[in-house]
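Remember, predicted model here, so these are calculated numbers, not experimental data. Ligands are counted one by one from 1 in listed order, and the atoms in each one are counted from 1 as well.
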Amino acid sequence: MSEKIAFIGVGNMGNPMAENLLKAGNKIKVFDVSKDMLAKAKKKNLETVDSIEDLINHEISIVVTMLPEGKHSKEIYLGDSGIINKVQKNCLLIDCSTIDIETSKEIGKAANDKGILMIDAPVSGGVMGAQKATLNIMVGGSKEAFDKALPFLKVMGKNIYHAGEIGSGNGAKICNNMSLGITMIAASESLMLAKRLNIDIKKVHEIMKNASGNSWPISVYPPLPGLIDGSPSNNNYKPGFSAGMMNKDLKLANECAKNVSADTPLGSMALDIYSKFCEEGNSSKDFSAISKVIGGNAWDYPIE
Ligand code: NAD
């Protein structure tokens, strides 16, 4: 595997994903608007550039983006100096960002109109999954684009799914993350109740991991410290996956639900809880820090 890849957005997720593409033997150059992120990338031996102009040229055969929101993907692909107007027709575009379905379709159509293959390929599995290349990747796009992208997606992830046409990857991801937001609150409620009942949290955690109350937040990413090494709750809630990102995903889920008249009352409650948490200045904390406000101030709040 030795393709010339341009990678844009080397934050918490993009950095290890780009590193895995490099380790697989590709020639990769990365760009980020944050100088700090570029410095971090350099430390991983990734070649960095200072502008999109320095990144995109006719030799690039794959562009991967890992950006925060739809507006960033739109700017990068469709803006004044948008990628779609710069790459060759045989270049494959892979947007791994979690964004709204409409923007994903709009970018995909613009690429398609120019004869360029594009997929939306949002991921789940967190920073640990990105580092270990065990991400679940949900792809929307044509079969031809999926097949072309597959070897590269396999370098970054373990389970790769073709969900349907362009935008379906983000549709699947939004459904997944609505569940994740709800279950993180549910795990926090249960562990808080155990604490109030004066039952050893470690015991309850062990029981829940093996019983019917298990969930990803319980088994992999518990919202309370002292339960699983390496989880953000053990590191003063340094993200990981930020509360701001979860708030964004719950907004996307609620907008989608409205658009198709789906009733999602728990998704709507989860959005209210995360929105308030973010308004109180906690957007940059890990999303598992929501446990701090669940169950009537059972823990120290605000977070230091
Ligand atoms: P992040 O904020 O750490 O990284 C995003 C990077 O994009 C930042 O470094 C930022 O400077 C850069 N960026 C923003 N605008 C840019 C532009 N115009 N040009 C170049 N770079 C730009 O976010 P993250 O946690 O890595 O998440 C990225 C995406 O992945 C989001 O859509 C998120 O919802 C999704 N996601 C995150 C996780 C996770 O655990 N963090 C898990 C699954 C999916």
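- Remark: minimum distance from atom 15 (N) of ligand 1 to any protein heavy atom is reached at H72 CD2, 3.6 Å.
- The side-chain heavy atoms of M184 and S288, taken from C-beta on, include a pair separated by under 4.5 Å.
- Regarding atom 9 (O) of ligand 1, its nearest protein heavy-atom neighbour is D32 OD2, 2.7 Å.
- Side-chain polar atoms of K173 and N177 form a donor-acceptor pair below 3.5 angstrom.
- Residue K173 has no nitrogen or oxygen atom sitting less than 3.5 Å from a nitrogen or oxygen atom of ligand 1, judged on distance alone.
- Here the heavy atom of the protein found nearest to atom 29 (C) of ligand 1 is L67 O, 3.4 Å.
- Annotation: K158, atom NZ; neighbour count of heavy atoms from other residues, nucleotides and ligands within 6.0 Å does not exceed 12.
- Side-chain contact check for D95 and S97: at least one donor-acceptor pair (N or O, by modelled atom type) lies under 3.5 Å.
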Run the numbers on W216 and T183 for side chain to side chain contact (heavy atoms under 4.5 Å, CB included), then give the verdict.
-> CA-CA 8 Å; W216 193 82; T183 50; 5.8 Å; no
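- Ligand 1 has an N or O atom lying under 3.5 Å from an N or O atom of P68, backbone or side chain.
- Contact atoms of ligand 1 toward F31: 19 (N), 20 (C) (distance under 4.0 Å to a heavy atom of the residue).
- Between the side chains of N282 and K292, no donor-acceptor pair of N or O atoms lies under 3.5 Å.
- The protein atom (non-hydrogen) at minimum distance from atom 30 (O) of ligand 1 is M66 CE, 3.1 Å.
- Taking the six-membered ring for Trp and the full ring otherwise, Y221 and F287 have centroids separated by under 6.0 Å.
- Atom numbering of ligand 1 starts at 1 in the shown order; those under 4.0 Å from a heavy atom of G9 are 7 (O).
- At most 12 non-hydrogen atoms from other residues, nucleotides or ligands lie less than 6.0 angstrom from NZ of K105.
- Remark: minimum distance from atom 33 (C) of ligand 1 to any protein heavy atom is reached at M245 SD, 3.6 Å.
- For K248, a nitrogen or oxygen atom sits less than 3.5 Å from a nitrogen or oxygen atom of ligand 1, counting backbone and side chain alike.
- Around atom NZ of K248, more than 12 heavy atoms belonging to other residues, nucleotides or ligands sit under 6.0 Å away.
- T103 and D100 share a side-chain donor-acceptor pair at under 3.5 Å.
- In this structure, D229 places its CG atom where only 12 or fewer heavy-atom neighbours from other residues, nucleotides or ligands lie under 6.0 Å away.
- Looking from atom 43 (C) of ligand 1 to the surrounding protein, the closest heavy atom is V123 O, 3.3 Å.
- Atom 40 (O) of ligand 1 has F241 CB, 3.2 Å as its closest protein atom, hydrogens excluded (heavy atom only).
- Against a heavy-atom cut-off of under 4.0 Å, M37 is close to the following atoms of ligand 1: 9 (O).
- Annotation: S124 places no N or O atom under 3.5 Å from an N or O atom of ligand 1; distance criterion only.
- For a threshold of 3.5 Å applied to N or O pairs, the pair formed by M13 and ligand 1 contains at least one separation below that value.
- Protein heavy atom in closest approach to atom 3 (O) of ligand 1: N12 N, 2.9 Å.
- Atoms of ligand 1 lying under 4.0 Å from any heavy atom of G11, numbered from 1 in the order shown and given with element: 3 (O), 4 (O), 6 (C), 9 (O), 26 (O).
- For a threshold of 3.5 Å applied to N or O pairs, the pair formed by T98 and ligand 1 contains at least one separation below that value.
- Heavy-atom separations between E69 and ligand 1 are all 4.0 Å or longer.
- Residues I62 and L93 have side chains not in contact (no heavy-atom distance under 4.5 Å, counting atoms from C-beta outward).
- Contact check on D113 versus K109 returns a salt bridge, with a Lys/Arg side-chain nitrogen under 4.0 Å from an Asp/Glu carboxylate oxygen.
- Not a single N or O atom of C96, backbone or side chain, sits closer than 3.5 Å to an N or O atom of ligand 1.
- In I8, the part holding a heavy atom less than 4.0 Å from any atom of ligand 1 is the side chain.
- Within the 4.0 Å heavy-atom criterion, the part of I76 lying near ligand 1 is the side chain and not the backbone.
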